[in-house]
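All values below were derived from every heavy atom in this structure, side-chain atoms included, with hydrogens, water molecules and symmetry-related copies excluded. Along the sequence shown, the residues carry numbers beginning at 1.
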Amino acid sequence: MTGSGPGRVDRAWETVVGLEVHCELRTETKLFCACKNAFGDEPNTNVCPVCLGLPGSLPVLNAFAVELAMRIGTALGCEVRRSSFHRKNYFYPDMPKDYQISQYDEPINVGGGLDLPDGSRVGIVRAHIEEDTGKTVHQGESGRIHGADYALVDYNRAGVPLVEIVSEPDIRSATQARAYVTELRAVLVATGASDGRMEEGSLRVDANVSVRPRGATAYGTRCEIKNLNSLRSLGRAIEHEAARQIALLEAAGTVVQETRHWDEEAGRTVPLRSKEEAFDYRYFPEPDLVPLVPDADWQARAAGDVGLLPAARRARLVELVAASAAPTPQQTDQVHVVVAQGLDELVVAAARAGAPAELALVRAANELAANLDAALRIEAGAFASLVTMESEGALTPTQSKAVLAEMLAAGGDPAAIAAAKGFEALSEDSLSGAVREVVEAHPDEWARFVAGEEKLAGFFTGHVMRATGGKADGKAVAAELRRLRPSP
Ligand code: ADP
Ligand code: MG
Ligand code: ZN
């Protein structure tokens, strides 16, 4: 082996990756019926004759799904054009109709590309509309396919609108693949097309992986790894699959084109089906749907709703938190997190309301991002008030986090919550009074502190905190101690 292990750049071989990303659209209802599009509902409650494919039912295309698809196409610089629907036929228990309606030879979005933060660009082949399948849940001790006692099927997901974004084979490493999905996810969140939740299956990735000798122009034979639902799995699967192919080729073997499954626990890919076993989908035009021809007005409206893309959103935050200086590496990370989670508008609103943007960014990247569901419902004005109270010293950081936790749990006004918690700010007088009392009560420690034993600052702060029931601000206590200490 020539260093083809995970995470290492191989000197002799180049990895080539093309990704197919399935994105569930954030619509109220499914693609062809009025059933609710929701994650986590009681199984088989959001179903009707249309999404179950009962005889005589007819699909009606969801206009908002089309609009979101056009937003995605616009954001990725695709040509948005006339499209049509086909039936993709295959038998699978989680697909009640025995066919999936998908755009085939006339997809709505064609061409385009995505620029990554590292400066590289990944071409987009197409981004088409299709419907999701249901979900098979394997029951048994292992919870996985192998060793399951039986399987149950939930059709709530059947018919949920998807856009499948197919990249060119422009990706050259697991790291770049992760960066691509991270940026694409941010685009999908920024445009409002997706909630971006990989852990709920809102984004699912198939990775096509091949290897070729460095310097070669022709592509190697690829394998397709299905259904990767985390960035970690995506990265690991690509690294292991590339290493497997390299080992095979170095042992004078050949790579067989096939579909493989990523076994997270075993840390390897295993064959699902070979090219010979591939489904023959017998595509034919969906007879119950007319071609989709969005007029110029509709296209312009969708394009107008795309809004700021992630790169511009990040630049806007950087401008707010570090207008004159360069942002710290920590701030850069925070900016990425906040934009990726769709929390940047809250920070911008807080800054516009007069709160310091730096502190708003910190609270958004930490406390808000850790409780995203609630954070996306929080009132911008209330968040701005909280940040202002903390920055003005009316709340200590610890108190501020406690108030924010309460706002996230139950909503409400930060000042009222702070008052209810007894977080009225210590006046300057009572703070310095408390510090003085503690100093007077511990003359020996104070003498050592004055003599330069810095670690005793913590001792005094602790005592002041206890004396004030945690209401004192640590920074203010430190400042008061410094003020009292005679300068050498
Ligand atoms: P299919 O229709 O069989 O899925 P496509 O030509 O549409 O095949 O390609 C699907 C995906 O595979 C695309 O993302 C493309 O970039 C990627 N791909 C194609 N050839 C290769 C290759 N040799 N190595 C890695 N990825 C590839
Ligand atoms: Mg494919
Ligand atoms: Zn339905």
The side-chain contact (heavy atoms from CB on, under 4.5 Å) partners of Thr175 (sequence neighbours excluded) come to Ser173
Hits for ring pair (Phe, Tyr, Trp, His ring centres under 6.0 Å) against His86, two or more places apart or cross-chain, chain-then-number order -> Tyr104
By salt bridge (Lys or Arg N to Asp or Glu O under 4.0 Å) - contacts of Glu168 (at least two apart): none
Does Arg185 use its side chain to pair, donor to acceptor, with the backbone of Gly196 at less than 3.5 Å? yes
Please name all residues satisfying salt bridge (Lys or Arg N to Asp or Glu O under 4.0 Å) with Arg377, sequence neighbours left out, ordered by chain then number. none
Pro356: side-chain contact (heavy atoms from CB on, under 4.5 Å) partners, not counting sequence neighbours: Glu358, Leu359, Val387, Ser391
Residues in side-chain contact (heavy atoms from CB on, under 4.5 Å) with Pro169, at least two apart? Val16, Tyr219
Does the Lys NZ or Arg CZ of Arg87 fall within the cation-pi geometry relative to Tyr99 - under 6.0 Å from the ring centre and within 45° of the axis? yes
Mind checking salt bridge (Lys or Arg N to Asp or Glu O under 4.0 Å) for Glu14 and listing every partner two or more places apart, or none if nothing turns up? Arg172, Arg212
Tell me, please, which residues at least two apart from Asp413 pass salt bridge (Lys or Arg N to Asp or Glu O under 4.0 Å). none
Show the atom names and distances, to 0.1 Å, of all donor-acceptor pairs under 3.5 Å that link a side chain in residues 113-123 to residues at least two apart or in another chain.
from: Asp115; atom 1: OD1; to: Arg121; atom 2: NH1; distance (Å): 3.3
from: Asp115; atom 1: OD2; to: Arg121; atom 2: NH1; distance (Å): 3.2
from: Asp118; atom 1: OD1; to: Ser120; atom 2: N; distance (Å): 2.7
from: Asp118; atom 1: OD1; to: Ser120; atom 2: OG; distance (Å): 2.7
from: Ser120; atom 1: OG; to: Gln176; atom 2: NE2; distance (Å): 3.2

Tell me every residue that passes ring pair (Phe, Tyr, Trp, His ring centres under 6.0 Å) with Phe32, counting only those two or more places apart in sequence or in another chain. Phe85
Within 45° of the ring axis of Tyr281 and under 6.0 Å from its six-membered ring centre, is that where the NZ or CZ of Lys88 lies? yes
CG of Leu376 to CG of Leu343: how many Å apart, nearest 0.5 Å? 5.5 Å
Set of ring pair (Phe, Tyr, Trp, His ring centres under 6.0 Å) partners for Phe64, sequence neighbours left out: none
Any residue meeting side-chain contact (heavy atoms from CB on, under 4.5 Å) with Asp41, in chain and number order, not counting sequence neighbours: Lys36, Ala38, Thr45, Asn46, Asn156
